[in-house]
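The structure under discussion appears below in the form of C-alpha cells.
Below, all heavy atoms of this structure are taken into account, side chains as well, without hydrogens, waters or symmetry copies.
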Amino acid sequence: NILSSIDNKYIWVNKESLIDTIKIDSVLSFVEKNNIENIFFQVRARGDALYESQIVPKFEKIDNDFDPLNYVLEKTKDKNIKVHAWFNTYMLWSSPQTPKDSLHFYFQCSDCFATDFNGKSDSNIKLNQIQSSNWEGVYLSPLNNNVNKHILLVIDELINTYDIDGLHLDYVRFQDMFYGYNETGIKEFENKYNFNPKDIDRGLISPRFGYLDSEVDSLTKLWDDYKANSITSLVKDINTLVKNNDSSIKLSAAVKPNIIEAKYRWYQDWLSWVKLDLIDFAVVMNYESNINKFNFNNRLIKNSFSNSGKQKIVIGVSTFNQNA
C-alpha cells in the first residue's frame, strides 16, 4: 500500500459526505484505516455553513439541528487526526436555482459579484440555463472591499466558535483572467491611478496612440498587481485574524499548480504567500494525469523555493481523471 510509505497525509472531504452521522462515521473509518492524519473538512461550500452560524445559512441538505463540524471535532478529539476547516472563499454559488434562504450573501450585495471584461456581472447569470463547460459557478469579486470584509467576518465567527486545527482556503483567486472588472473595483483603481484599466484591453493604451512600449508594460503591470494584491491583501488579513486568535491554527490554501499561470491568469500569487509566511503551507492541486506535465509543475516549484520553502508544499493528486 503506497499510502503507508507517505508521511503527513491529507484528504479532502466534501459537503456531500458530511450531511449526517452515518456518512461522517464512514469517512472517519476510512481515515483511521489508512492512517490519514489530516482532514480538509468542507465547512463552506457555496456561501453556506456546515456548522452553526449567525451570519450565513446552513447547507441546504443538513437538518437544522445537526452540526457536522461539531460532530467531527467531538469524534476526533482523542485521536491523532487534525481537522482543517476547508473554506471556499470567493466561489459563492453554482446550482441551477438560486439559494432558498433570502439571507444568503447571493441576495445581500448586488455590486459584490465578479464581473468580466464585457461588463457582465455574475449576478446576472441565468442559473437555470446551461453554462459553458469551463464555468465553475458564481464568484464574488476580490476587488470589492465589502466582499473581503464579509469573508473576514465569517472566518472570525468560525475560528472563535470552533476549536479547529487548521483553516484551508480554496477558490482564493479570480475565476479566470478575463474577470476582474467589478465596477466598484474599477472606480477605486481609476481614482488611484488616473486611467481605466479597460483601455489596456481595448488597445487604447498602446504605441498606436503614442504610448511607449515601456509605458504600456508599466501600466499593464500596475493593473495585474492591483488584482493580485487584492487577493494577497485578504490572505494577509486572514493570517492576522487567525494568528491573533490562536497561533496553533495552521493556515493553508489550495493553489493552482503552475506558479506562473497561477499569478498571471488567476492572480493567485501563492509563491509570495509562502515566502512571506502568509500561509503555513500550500496545497498544490497538481491534477495532471500526464506524468510529464505533472513533473513539469513540480520542477517549477522545486526551483522556486529554498529547502525551508519546500517544506511548506503539499502536492495534491487526483483520481477523478485517472485510475488510482
Side-chain angles (χ1 to χ4, degrees), residues 10 12 40 84 86-92 114-117 122 134-137 139-143 147-148 151 166-182 185 197 200-201 217 220-239 250-306 308-318 320-321:
Y10 296 77
W12 280 287
F40 293 132
H84 301 251
W86 168 16
F87 189 97
N88 283 355
T89 312
Y90 289 115
M91 166 80 88
L92 185 69
T115 304
D116 68 16
F117 173 73
D122 274 14
N134 60 353
W135 185 73
E136 294 178 315
Y139 271 65
L140 293 170
S141 172
L143 297 184
V147 170
N148 289 349
I151 290 167
L167 177 67
H168 179 62
L169 306 175
D170 200 358
Y171 293 101
V172 59
R173 57 176 174 84
F174 283 88
Q175 180 156 199
D176 216 325
M177 68 189 303
F178 50 86
Y179 284 87
Y181 296 90
N182 175 275
I200 299 169
D201 302 287
D217 288 345
T220 302
K221 185 178 185 306
L222 262 184
W223 176 229
D224 283 344
D225 287 349
Y226 186 77
K227 286 190 276 190
N229 289 340
S230 68
I231 295 175
T232 296
S233 173
L234 175 71
V235 174
K236 198 178 284 183
D237 287 344
I238 293 172
N239 176 287
K250 297 292 181 194
L251 181 61
S252 62
V255 297
K256 290 290 186 179
N258 181 308
I259 52 174
I260 297 161
E261 202 179 22
K263 182 175 180 180
Y264 293 104
R265 179 176 171 184
W266 288 287
Y267 303 100
Q268 184 182 62
D269 186 16
W270 67 267
L271 186 76
S272 295
W273 304 350
V274 173
K275 289 187 172 180
L276 296 171
D277 285 327
L278 299 184
I279 56 177
D280 293 296
F281 61 97
V283 184
V284 179
M285 300 183 294
N286 199 354
Y287 298 163
E288 295 288 356
S289 54
N290 178 302
I291 192 66
N292 293 323
K293 290 178 180 176
F294 181 85
N295 285 336
F296 175 78
N297 288 332
N298 291 343
R299 274 200 302 276
L300 258 185
I301 294 165
K302 187 179 178 183
N303 294 334
S304 302
F305 288 104
S306 63
S308 62
K310 286 175 204 161
Q311 303 306 311
K312 299 176 186 174
I313 307 296
V314 174
I315 300 294
V317 295
S318 59
F320 69 86
N321 57 353

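- From I238, atom CD1 reaches atom OG of S233 across 10.0 Å, with rounding to the nearest 0.5 Å.
- When every heavy atom of A253 is checked against every heavy atom of I279, the shortest pair comes out as CB-CD1, 4.3 Å.
- N239 contributes a side-chain N or O that, together with a main-chain N or O of L278, makes up a donor-acceptor pair within less than 3.5 Å.
- For the residue pair N286 and N298, a side-chain donor N or O sits within less than 3.5 Å of a side-chain acceptor on the partner.
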Intermediate values then yes/no, side-chain contact (heavy atoms from CB on, under 4.5 Å), V172 and F87: CA-CA 9 Å; V172 59; F87 189 97; over 6 Å; no
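- Listed by first and then second residue, the salt bridge (charged side-chain N to carboxylate O under 4.0 Å, His left out) pairs that reach into residues 280-291 are K243-D280, sequence neighbours excluded.
- Of the possible polar contacts, one joining the T89 side chain to the D170 backbone as a donor-acceptor pair under 3.5 Å is found.
- No more than 12 heavy-atom neighbours from other residues, nucleotides or ligands sit within 6.0 angstrom of NZ on K302.
- For Y287, the ring pair (Phe, Tyr, Trp, His ring centres under 6.0 Å) partners are F320, not counting sequence neighbours.
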N148 vs D237, side-chain contact (heavy atoms from CB on, under 4.5 Å): CA-CA, chis, key distance, verdict: CA-CA 9 Å; N148 289 349; D237 287 344; over 6 Å; no
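- The CG atom of N292 lies 11.5 Å from the CG atom of N297; values are rounded to the nearest 0.5 Å.
- The CD1 atom of I301 sits 6.5 Å away from atom CD1 of I259, with the distance rounded to the nearest 0.5 Å.
- Residues S141 and N182 share a closest heavy-atom pair of OG-CB, 3.2 Å.
- Between S304 and L300, the shortest heavy-atom distance links the atoms OG-O, 2.7 Å.
- The main-chain N or O of Q175 is found under 3.5 Å from a side-chain atom of W266 such that the two form a donor-acceptor pair.
- Looking at every heavy atom in both residues, Y226 comes nearest to G185 through OH-O, 3.6 Å.
- The aromatic rings of H84 and Y10 sit tilted relative to each other, their planes meeting at an angle between 30° and 60°.
- L169 contributes atom CG, which lies 7.5 Å from atom CH2 of W273 (distance to the nearest 0.5 angstrom).
- Considering only residues two or more places apart in sequence or on other chains, Y267 meets the ring pair (Phe, Tyr, Trp, His ring centres under 6.0 Å) condition with F174.
- Residue M285 comes nearest to A254 through the heavy atom pair SD-CB, 3.9 Å, listed as atom of the first residue, atom of the second, then distance.
- K275 approaches F305 most closely through the heavy-atom pair CG-CE2, 4.0 Å.
- Of the possible donor and acceptor atoms, none in the side chain of D176 sits under 3.5 Å from a partner among the backbone N and O of F178.
- Two residues are said to be in side-chain contact when any heavy atoms from C-beta on lie closer than 4.5 Å; V147 and Y139 fail this criterion.
- Note that CD of Q268 is 9.0 Å distant from OG1 of T232, once rounded to the nearest 0.5 Å.
- K312 NZ: more than 12 foreign heavy atoms inside a 6.0 Å radius.
- Taking the six-membered ring where tryptophan is involved, the planes of Y181 and F117 are perpendicular, since the angle between them exceeds 60° and thus also 30°.
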Y171 and E136: CA distance, side-chain angles, deciding distance, side-chain contact (heavy atoms from CB on, under 4.5 Å) verdict: CA-CA 10 Å; Y171 293 101; E136 294 178 315; 4.2 Å; yes
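- In this structure a side-chain-to-backbone donor-acceptor pair under 3.5 Å is present from S230 to K227.
- One distance of note links CD of Q311 with CD1 of I313; it measures 9.5 Å at 0.5 Å rounding.
- At distances below 3.5 Å, not a single donor-acceptor pair connects side-chain atoms of N88 with backbone N or O atoms of M91.
- Ring pair W135/Y179: centre-to-centre distance not below 6.0 Å.
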side-chain contact (heavy atoms from CB on, under 4.5 Å) evaluation trace for V283 with H168: CA-CA 9 Å; V283 184; H168 179 62; 3.6 Å; yes
